[in-house]
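Single-structure report; data block below.
Basis for what follows: all heavy atoms, side chains included, without hydrogens, waters or symmetry-related copies. Being a predicted model, the structure only gives us computed values, none of them experimental. Protein chains get the first letters and strands the later ones, always in sequence-line order, with residue 1 at the start of each.
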Protein chains: 2
Amino acid sequence: MSVGHTGVTPQLGPCGDDDCGIRDVLDRLGDKWTVLVLVELAKGVRRFRELQRAIPGISQRMLTVTTRRLCRDGLVERTAYATIPPQVEYRLTDLGRSLAAQVVSLADWSRSHRTAIAEARERWDAL
Amino acid sequence: MSVGHTGVTPQLGPCGDDDCGIRDVLDRLGDKWTVLVLVELAKGVRRFRELQRAIPGISQRMLTVTTRRLCRDGLVERTAYATIPPQVEYRLTDLGRSLAAQVVSLADWSRSHRTAIAEARERWDAL
DNA sequence: CAGAATCCCATTCGATACTG
DNA sequence: CAGTATCGAATGGGATTCTG
């Protein structure tokens with residue numbers, strides 16, 4: 001979705017309904033890699049390559065896209081050193097850390113209940 | 001996720017690293033409506049129409065698809081009454097409630113920090 | 001090493017129309 | 001009311017190639 005309204009602030013007051021601003025954040029968690037990057041960065045500072053190695057299957061492109069989005073949202077900070085070869089460090093901001101805590105907790109939930117879900121799916125598919 | 005291009009085997013390892021079964025759950029949270037449905041059902045039992053009214057913008061089709069996926073995963077229970085007109089109730093299972101708790105907490109985080117994120121984006125886009 | 005730029009396929013989702 | 005069925009557009013993201 002990512003409305004990204006430049007200029008007009010949508011004045012969501014007491015937020016009578018649900019999707020207040022949930023979407024702005026959750027759309028990001030939705031994409032395929034953001035959560036995994038957050039979880040990895042929750043462990044500490046990482047370089048580009050380190051992230052890529054730590055997250056099997058992510059392509060160069062998607063790591064670039066994902067980290068940039070996180071930077072844009074103020075969740076991750078990027079530090080580039082003008083060395084040869086270049087070196088870039090990614091680290092969570094305070095804001096990012098507070099989100100990552102939630103995400104890690106969600107990841108834990110996933111691990112704890114994955115079998116229960118797998119079984120439910122089997123039962124469903126058996127019909 | 002299904003990385004499968006033609007010929008390429010997904011080859012997901014036996015979960016040696018992080019993404020153990022995170023994906024199974026988080027892919028669902030990723031799609032556009034699941035979180036909103038969970039949050040709404042966390043408030044109580046809802047009928048099909050009630051859900052649709054509570055979640056502005058969701059199409060009939062997507063509500064059907066989303067609720068069915070949640071049922072398949074054992075997170076939501078569906079009860080249909082053979083009345084005329086038909087009546088169908090959706091309610092969280094115990095498993096669903098425990099996930100919804102996490103999700104609601106995440107939604108709260110989103111609301112609390114949406115301005116911080118919006119500001120970060122403005123700063124970024126200003127460059 | 002850390003990207004940027006293309007290409008292009010697959011999935012997602014919305015709109016619409018129909019049904020029990 | 002609570003779906004099902006079909007179609008088309010938009011989007012996500014993988015593979016590949018090139019660069020500072």
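- Rounded to an integer number of Å, the gap from CD1 of I58(B) to C1' of dT12(C) is 13 Å.
- With rounding to whole Å, L51(B) atom CG is found 9 Å from dA2(D) atom P.
- Distances were taken from every side-chain heavy atom of R49(A) (C-beta onward) to each of dA4(C), dA2(C), dG14(C); the shortest belongs to dA2(C).
- The structure places NE2 of H113(B) at 8.5 Å from CG of L99(A), a figure rounded to the nearest 0.5 Å.
- Residues V45(B) and E50(B) approach most closely at O-OE1, 4.2 Å, considering heavy atoms.
- Counting to the nearest Å, the P atom of dA15(D) and the CG atom of L63(A) are 14 Å from each other.
- Contacts between residues 70-80 of chain B and DNA chain D, defined by a heavy-atom separation under 4.0 Å, are made by R78(B).
- The CD atom of Q87(B) lies 13.5 Å from the CZ atom of F48(B); values are rounded to the nearest 0.5 Å.
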Nucleotides 15-20 of chain C: protein proximity per nucleotide (B base, S sugar-phosphate only, - neither; heavy atom, under 4.0 Å): B-B--B

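- Closest approach to the W33(A) side chain among dG3(C), dG3(D), dG14(D) is made by dG14(D) (side chain taken as heavy atoms from C-beta onward).
- Among the protein residues, Y90(A) comes within range of the sugar-phosphate backbone only, with heavy atoms under 4.0 Å from sugar or phosphate atoms but none that close to a base.
- For the pair Y81(B) and P86(B), the minimum side-chain heavy-atom distance is 4.5 Å or more.
- Nucleotide dA2(C) holds its C1' atom 13 Å from the CD atom of E50(A), rounded to whole Å.
- One can place CD of Q87(B) at 7 Å from P of dA2(D), the figure rounded to the nearest angstrom.
- For the atom pair T115(A) OG1 and E119(A) CD, the distance stands at 5.5 Å (nearest 0.5 Å).
- In this structure, the nucleotide among dG3(D), dG13(D), dC13(C) sitting nearest to the side chain of R69(B) is dC13(C).
- Between atom OG of residue S110(B) and atom CZ of residue R28(A) there is a gap of 11.5 Å, rounded to the nearest 0.5 Å.
- Rounded to an integer number of Å, the gap from M62(A) CE to dA4(C) C1' is 14 Å.
- Formation of a donor-acceptor pair under 3.5 Å by the R23(B) side chain with backbone atoms of K32(A) is found in this model.
- Contact record, S98(A) with W109(B): OG-NE1, 2.8 Å, taken as the closest heavy-atom pair.
- The side chain of R53(A) lies closest to dC1(C), out of dC1(C), dA4(C), dG3(D).
- Backbone-only engagement by T64(A) is indicated by non-hydrogen atom pairs under 4.0 Å involving sugar-phosphate atoms exclusively.
- A distance-only check finds no donor-acceptor pair linking the side chain of T34(A) to the backbone of L29(A) [under 3.5 Å].
- In the model, S105(A) has no side-chain atom that pairs as donor or acceptor with a side-chain atom of D108(A) under 3.5 Å.
- Looking at T66(A), its side chain never comes within 3.5 Å of a backbone N or O of L63(A) through a donor-acceptor pair.
- Rounded to whole angstrom, the span from the CG atom of L29(A) across to the P atom of dG12(D) amounts to 15 Å.
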For DNA chain D, the dot-bracket pattern of Watson-Crick and G-U pairs whose distances stay under 3.5 Å, | for other-strand partners: ||||||||||||||||||||

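- Taking atom CD of residue Q52(B) and atom C1' of nucleotide dG14(C), one finds them 13 Å apart after rounding to whole Å.
- For the pair L70(A) and L38(A), the minimum side-chain heavy-atom distance is below 4.5 Å.
- Checking the phosphate oxygens (OP1, OP2) of dT11(D), no side-chain nitrogen or oxygen of K32(B) falls inside 4.0 Å.
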